[in-house]
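Written below as structure tokens is the structure these notes are about.
A, B, ... follow the sequence lines: proteins, then strands. Residue 1 opens every chain.
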Amino acid sequence: MLLVKFLRDNKEEAKSGLRKRGFTENDLNLIDEVIDIDDRRKKIQFELDGVLSNIKSLSADIGTLYKTGKVPEANSKKAEVATFKTESERLQRDLKMAQDDLFERLLNIPNIPHNSVPSGTTEEDNEIHRNWTQELPILDASAKPHWELAEEFDIIDFPLGVKITGAGFPVFKGKGARLQRGLINFFLDRATSAGYLEIIPPLVVNEDSARGTGQIPDKEGQMYHIEKDELYLIPTAEVPVTNIYRDVILKESDFPIKMTGYTPCFRREAGAYGKDVRGLNRVHQFDKVEIVQIEHPDNSYDTLMSMLDHVQGLLKELELPYRILKLCGGDLGSASAITYDFEVYSAAQRKWLEVSSVSNFETYQSNRLKLRYKGSDQKNHLAHTLNGSALALARIVAALLENNQTSEGIRIPKAIVPYVGFDLLN
RNA sequence: GGAAGAGUGGCAGAGCUGGUUGAAUGCACCGGUCUUGAAAACCGGCGUGCGGGAAACCGUACCGGGGGUUCGAAUCCCUCCUCUUCCGCCA
């Protein structure tokens, strides 16, 4: 959520930013509406404070009058309070309405894209930030997609997942499970040696947390909801990990805060059936190691670049062809100011698969989280939050299986051999 | 799941027979005096949101969350949440 003050002070900048997301001139009226409502809110607040102040001092008078036995005077003051009271109740209702109205509209305004974000409406408009410089691997005609390889080597069982749970819940077995576990450890080790604090968070969160990082209301339908207990299965570790700092006021010397966490991620993917859902391409439960940073606004873009480097380093070690896209305005998540997607090339499918998404949310999340720091001016300011996948597993496994298939079996990249305990999967 | 008790500022801990209590006191923290330096001692400062103001500062709200009683509530009532102890169950 953006601050009204920001919209007020940077109206034109906000508008041109939202145009990149495909906002029409008509949509942009929202900004002026918000400012108008906020003006009304301020006015009501001012009046209400005055009325409350009167009630307060009259009540104090009544107290002393009673103490000195002046009951009739006290009673007449009580009558006076009654009229103020009616007025304060009215103003309180008005204030609540203005606040709710304001909040509602503010929720519908996405983050303002960073200056460098290209405008555009679809993924076609995404900009290639860094491209794989080598030739893409070309497999011969007999090459198999990962779901066939998985069945052949009996390492991932899709029908079994259907039996136990439903579509999109694969079962990893034997060397498949071992590969999965090895990759998780590999990613966590790389993150912790880069200075991230390892966290094992709850996999289920309450409504406040889901709201804090913006899953509610933006992506509510994406989460599994446990209605009986009003809890949500996490769609990413970002939610519980970032919420560690909900309602916190940091010192400037606390920056940067770096955390990493491995969790399974649960996504309903409602409406995604039919397209790109084969095998591991899109599943309801997958494993992911996430990196999260909380930064001073002055440093958050340097930090973003260091996170990009971190993720790139992982892909290099995995020897996978990758490319980095800078998302265009229309493809950007609503909370994000800038997002870089990492895709790996899955050679048998001849498809690019998204395996990481690294974003700077600037103050959009911290505003809802009430995550602040005390600046050198002794005032509180919103911190910047950033996060990225490092990395999302299911699709990495898909690319690994496809790209590394040989007549003897699946070759395991050197960097992770120590983690999985074998160099050939057969 | 059942019973009892408790939730106050960064922490500890008063207040809780309703009335200048946003809240005593101690610790921590920040600034200053003193000191070669440090410690100690002493002096001063020290919550958050909203609104007004150029600012100093002022108004208002907040004592787990929400609601109620009252002219007035941290203090009384209802409800929810959390924690502690005891019983039950259990990896």
Side-chain angles (χ1 to χ4, degrees), chain A residues 1-9 34-107 200-212 216 226-232 240 243-255 257 294 363 365-383:
Chain A
M1 196 163 73
L2 294 167
L3 290 167
V4 186
K5 185 174 162 36
F6 172 82
L7 294 172
R8 207 183 268 282
D9 297 344
V34 159
I35 293 171
D36 286 348
I37 294 166
D38 192 49
D39 286 338
R40 198 170 83 227
R41 191 196 108 253
K42 288 182 178 195
K43 193 165 160 278
I44 298 169
Q45 180 74 252
F46 183 75
E47 283 181 48
L48 177 62
D49 283 353
V51 173
L52 288 175
S53 179
N54 286 334
I55 294 177
K56 213 176 165 182
S57 64
L58 282 169
S59 294
D61 291 347
I62 292 170
T64 46
L65 287 172
Y66 271 126
K67 269 188 188 151
T68 52
K70 295 176 180 163
V71 177
E73 289 91 330
N75 285 337
S76 81
K77 292 232 178 205
K78 273 199 207 178
E80 207 178 326
V81 170
T83 60
F84 282 125
K85 187 85 190 213
T86 316
E87 203 180 340
S88 82
E89 279 163 3
R90 196 200 85 231
L91 287 166
Q92 242 142 9
R93 274 195 304 275
D94 291 351
L95 183 65
K96 176 94 168 49
M97 267 167 57
Q99 282 171 337
D100 290 351
D101 201 5
L102 185 67
F103 187 71
E104 176 81 10
R105 279 165 215 257
L106 237 28
L107 283 180
I200 299 181
L203 306 182
V204 176
V205 295
N206 60 29
E207 202 182 319
D208 284 344
S209 295
R211 201 177 293 283
I216 295 176
I226 305 166
E227 292 184 26
K228 199 165 183 180
D229 299 293
E230 251 335 298
L231 297 170
Y232 296 86
N243 269 282
I244 291 173
Y245 285 90
R246 170 153 49 86
D247 284 316
V248 168
I249 300 175
L250 297 162
K251 296 194 290 281
E252 276 188 316
S253 58
D254 292 332
F255 293 124
I257 287 166
I294 298 169
T363 60
Q365 283 186 331
S366 58
N367 187 210
R368 275 202 229 173
L369 287 162
K370 298 199 181 67
L371 197 189
R372 293 160 293 176
Y373 68 93
K374 196 167 284 293
S376 46
D377 58 0
Q378 291 309 303
K379 289 188 175 153
N380 295 327
H381 305 277
L382 294 170

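- Residue-level contact check: Ile249(A) touches the backbone only, with heavy atoms under 4.0 Å from sugar-phosphate atoms and none from bases.
- A gap of 26 Å separates the C1' atoms of C57(B) and G10(B), to the nearest Å.
- A distance of about 30 Å separates the C1' atoms of G64(B) and C90(B), rounded to the whole Å.
- Between Lys56(A) and the phosphate of C71(B), there is no side-chain N or O to OP1/OP2 separation shorter than 4.0 Å.
- A donor-acceptor pair is defined here as one N or O able to donate and one able to accept, closer than 3.5 Å; no such pair exists between the side chain of Ser209(A) and the backbone of Val205(A).
- The P atoms of A24(B) and G44(B) are separated by 15 Å, rounded to the nearest whole Å.
- Separation of the P atoms belonging to A61(B) and A3(B) is 38 Å when rounded to the nearest angstrom.
- The structure places CG of Leu2(A) at 7.5 Å from CG of Asn367(A), a figure rounded to the nearest 0.5 Å.
- Atoms NZ (Lys5(A)) and C1' (G51(B)) sit 14 Å apart, rounded to a whole Å.
- When the nucleotides G51(B), G72(B), G19(B) are ranked by their closest atom to the side chain of Phe46(A), G51(B) comes out on top.
- In the set G19(B), G52(B), C71(B), G19(B) carries the atom at the smallest distance from any side-chain atom of Lys67(A).
- Rounded to the nearest Å, the gap between the P atom of A73(B) and that of C63(B) is 11 Å.
- If you measure from atom CD of Glu89(A) to atom P of G68(B), you get 9 Å, rounded to the nearest angstrom.
- Remark: C1' of G67(B) and NZ of Lys96(A) are 13 Å apart, rounded to the nearest angstrom.
- Ranking A61(B), U70(B), G51(B) by closeness to the Arg41(A) side chain, first place goes to G51(B).
- In this structure, Ser53(A) does not reach the G59(B) phosphate: none of its side-chain N or O atoms is under 4.0 Å from OP1 or OP2.
- Leu52(A) comes within 4.0 angstrom of sugar-phosphate atoms only, judged by non-hydrogen atoms across all strands, and of no base.
- For the 3.5 Å distance criterion, the side chains of Ser366(A) and Arg372(A) fail to qualify, holding no donor opposite an acceptor.
- Side chain of Asn206(A) to main chain of Asp208(A): a donor-acceptor pair is present (N/O by atom type, distance under 3.5 Å, no hydrogens or angles).
- In this structure, Gln45(A) places its CD atom 13 Å from P of G53(B), rounding to the nearest Å.
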### Query
Can you give the dot-bracket line for RNA chain B, using ( ) for pairs inside the strand, [ ] for pairs that cross earlier ones, | for pairs with another strand and . for unpaired bases, where Watson-Crick and G-U count if both distances are under 3.5 Å?
((((((((.[[[..)...(.....]]].(((((.......))))).((((((....)))))).[[[[[..)....]]]]])))))))....
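- Nearest-nucleotide positions on RNA chain B for Asp38(A) and Ala60(A) put Ala60(A) closer to the 5' end.
- Here Lys370(A) lies out of heavy-atom contact (under 4.0 Å) with every strand.
- When side chains are defined from C-beta on, Val204(A) counts as touching Ile226(A), because their heavy atoms get closer than 4.5 Å.
- In this structure, the CG atom of Leu250(A) is 14 Å from the P atom of G10(B), given to the nearest Å.
- The side-chain hydrogen bond (donor to acceptor under 3.5 Å, both in side chains) test with Asp377(A) is passed by exactly one of His381(A), Lys379(A), Lys374(A): His381(A).
- The residue among Gln99(A) and Asn54(A) whose nearest nucleotide of RNA chain B lies closer to the 5′ end is Gln99(A).
- Regarding Asn75(A), its CG atom lies at a distance of 10 Å from the P atom of C71(B), rounded to whole Å.
- Taking the side chain as every heavy atom from C-beta outward, Ile294(A) and Leu250(A) approach each other to under 4.5 Å.
- Using a 4.0 Å cut-off, no side-chain N or O of Lys85(A) falls inside it from OP1 or OP2 of C71(B).
- Relative to the side chain of Arg372(A), the nucleotides U60(B), C71(B), G49(B) differ in distance, and G49(B) lies closest.
- The distance between atom CD of Glu47(A) and atom C1' of G52(B), rounded to the nearest whole Å, is 13 Å.
- A distance of about 46 Å separates the C1' atoms of G31(B) and G68(B), rounded to the whole Å.
- Atom CG in Asn367(A) sits roughly 10 Å away from atom P in C50(B) (whole-Å rounding).
- Of the candidates A61(B), U48(B), C71(B), U48(B) carries the atom nearest the Lys374(A) side chain, counting heavy atoms from C-beta on.
- Contact check for Leu7(A) versus Leu3(A): no side-chain heavy atoms found under the 4.5 Å cut-off.
- Taking atom C1' in both G47(B) and U21(B), the straight-line distance is 15 Å, to the nearest Å.
- Of the side-chain N and O atoms in Asn380(A), one or more sit less than 4.0 angstrom from OP1 or OP2 of U48(B).
- Contact check for Tyr232(A) versus Ile216(A): side-chain heavy atoms found under the 4.5 Å cut-off.
- With distances taken from any side-chain atom of Tyr66(A) to the nucleotides C71(B), C50(B), G49(B), the minimum falls on C71(B).
- Asp61(A) comes within 4.0 angstrom of nothing in the nucleic acid, heavy atoms only.
- The P atoms of G13(B) and U84(B) are separated by 15 Å, rounded to the nearest whole Å.
- Checked against A61(B), G59(B), U48(B), the side chain of Asp49(A) finds its nearest nucleotide in G59(B).
- Taking CG of Asp254(A) as the reference point, atom NZ of Lys251(A) lies at 5.0 Å (rounded to 0.5 Å).
- Within 4.0 Å (heavy atoms only), Lys42(A) reaches sugar-phosphate atoms of the nucleic acid but no base atom.
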